[in-house]
Amino acid sequence: MKKLIIGNFKMNTTPSEFKTYAMTLATKARGARNNIVVCPPFTHLSLAKEFLSGSKVAFGAQNISAEESGSFTGEISAKMIKDLGATYVIVGHSDRRGLFKESDKTINKKIKTALANGLKVILCVGESLQIRESKQTQNFVRKQIESVVIAYEPIWAIGTGKTATNKDISKMVEIIRKEIEGQFSAKAGKNITIVYGGSVGLKNYKKIITNESLDGVLMGGACLDVDTFALIARENY
Ligand code: PGA
C-alpha cells in the first residue's frame, strides 16, 4: 500500500547541510512508490525548490502566518511559501501549540489561509480533534478536507523514544474519522489522510506504517538522517 512519509526537520540543519540532504534524498527517492514530503525550516525552501523539483520528493513549511500579508514582523505568509514551490504546510504542531501558545482559533485560521492559497495542510492534533465547525458549504468543506492530512501525535511520544501502541493508534484514528464523519460526511471521514507521529524511527517504523488504519507517518528526529529517511520512504508497504 502506498503510504505518506513526512519529515519534519523542526529547527535543525543549516541551509548548506540541507542542500546536501536534498540532493541525496532526490537521488535515493527515485523509483519510490510512496508519497514523500520534507518540511525543512523556511530558510531552506528555495533550496528545496532548486534541488527537489522534478524528484519524487515534495516539500512544505513547518508553519505559516494566519494572516495574508501586512504588518506582522517576522512572519511568513502562505503566498510566500507557495511561490517557492511548497505544496504542504504543517499546522498546529504541538511545539507551536505548546511553546508558542497557538490556540485552536489561530490554527483554524491558519488552515483556512493555507487552503485558500492552495496548500495542503498537515494538521497535527494531540489528544483530541478540535477543529471548529466550518461555515462553508458541504462541497467546499469536502474539498478542504481532501487537502488536509491529520497527524496524530501524542505529545508524550514526540522525541521521547516512546510510541503509542498500534491498538491505541487505531483507536484514536477511528475516533478522528468518526469526528470528521459527524462534522462533515461519511465520505470525508473515510477518505481523510491520517498519519501517526511521535518517535517513529528505524526500530519501529515497520510495525507502525503497516497499521492498516493509518495512511502514513510523520517523523521528526529520524528524518534528519537521510539514509534512514530514504530507506523508510522507499519501502513498499
Ligand atoms: P519525533 O517528532 O519523530 O522526533 O518524535 C515527531 C514530530 O514532532 O513531528
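Ligands are counted one by one from 1 in listed order, and the atoms in each one are counted from 1 as well.
On a distance-only criterion, Gly221 and ligand 1 share at least one N/O pair closer than 3.5 Å. For the pair Gly159 and ligand 1, the shortest N or O to N or O distance falls below 3.5 Å.
Evaluated for a salt bridge (Lys or Arg N to Asp or Glu O under 4.0 Å) with Glu102, the options Lys109, Lys110, Arg97 yield exactly one hit, Lys110.
Under a 4.0 Å criterion applied to the non-hydrogen atoms of Gly198, ligand 1 contributes the atoms 5 (O). The ligand atoms of ligand 1 that sit less than 4.0 angstrom from a heavy atom of His93 are 7 (C), 8 (O), 9 (O). Those atoms of ligand 1 with a heavy atom of Ser199 less than 4.0 angstrom away are 1 (P), 3 (O), 5 (O).
In this structure, atom 2 (O) of ligand 1 lies nearest to the protein heavy atom Lys10 NZ, 3.0 Å.
In this structure, the ring of Phe18 has its center no less than 6.0 angstrom from the ring center of Phe51.
Sorted by first and then second residue, the pairs that involve residues 28-43 and meet side-chain hydrogen bond (donor to acceptor under 3.5 Å, both in side chains), not counting sequence neighbours, are Lys28-Asp227, Arg33-Asn236.
Between Glu17 and Asn12, the side chains place no donor N or O within less than 3.5 Å of an acceptor N or O (distance only, hydrogens not considered).
Within the 4.5 Å cutoff, the side chain of Thr106 has no heavy atoms near those of the Phe100 side chain.
For the pair Glu181 and Arg177, the salt-bridge criterion is not met [side-chain N within less than 4.0 Å of a carboxylate O].
Across the listed options Gly220, Gly197, Ala222, Gly220 owns the non-hydrogen atom lying nearest to atom 3 (O) of ligand 1.
Counting heavy atoms closer than 4.0 Å to ligand 1, residue Asn8 contributes side-chain atoms (C-beta onward) but none from N, CA, C or O.
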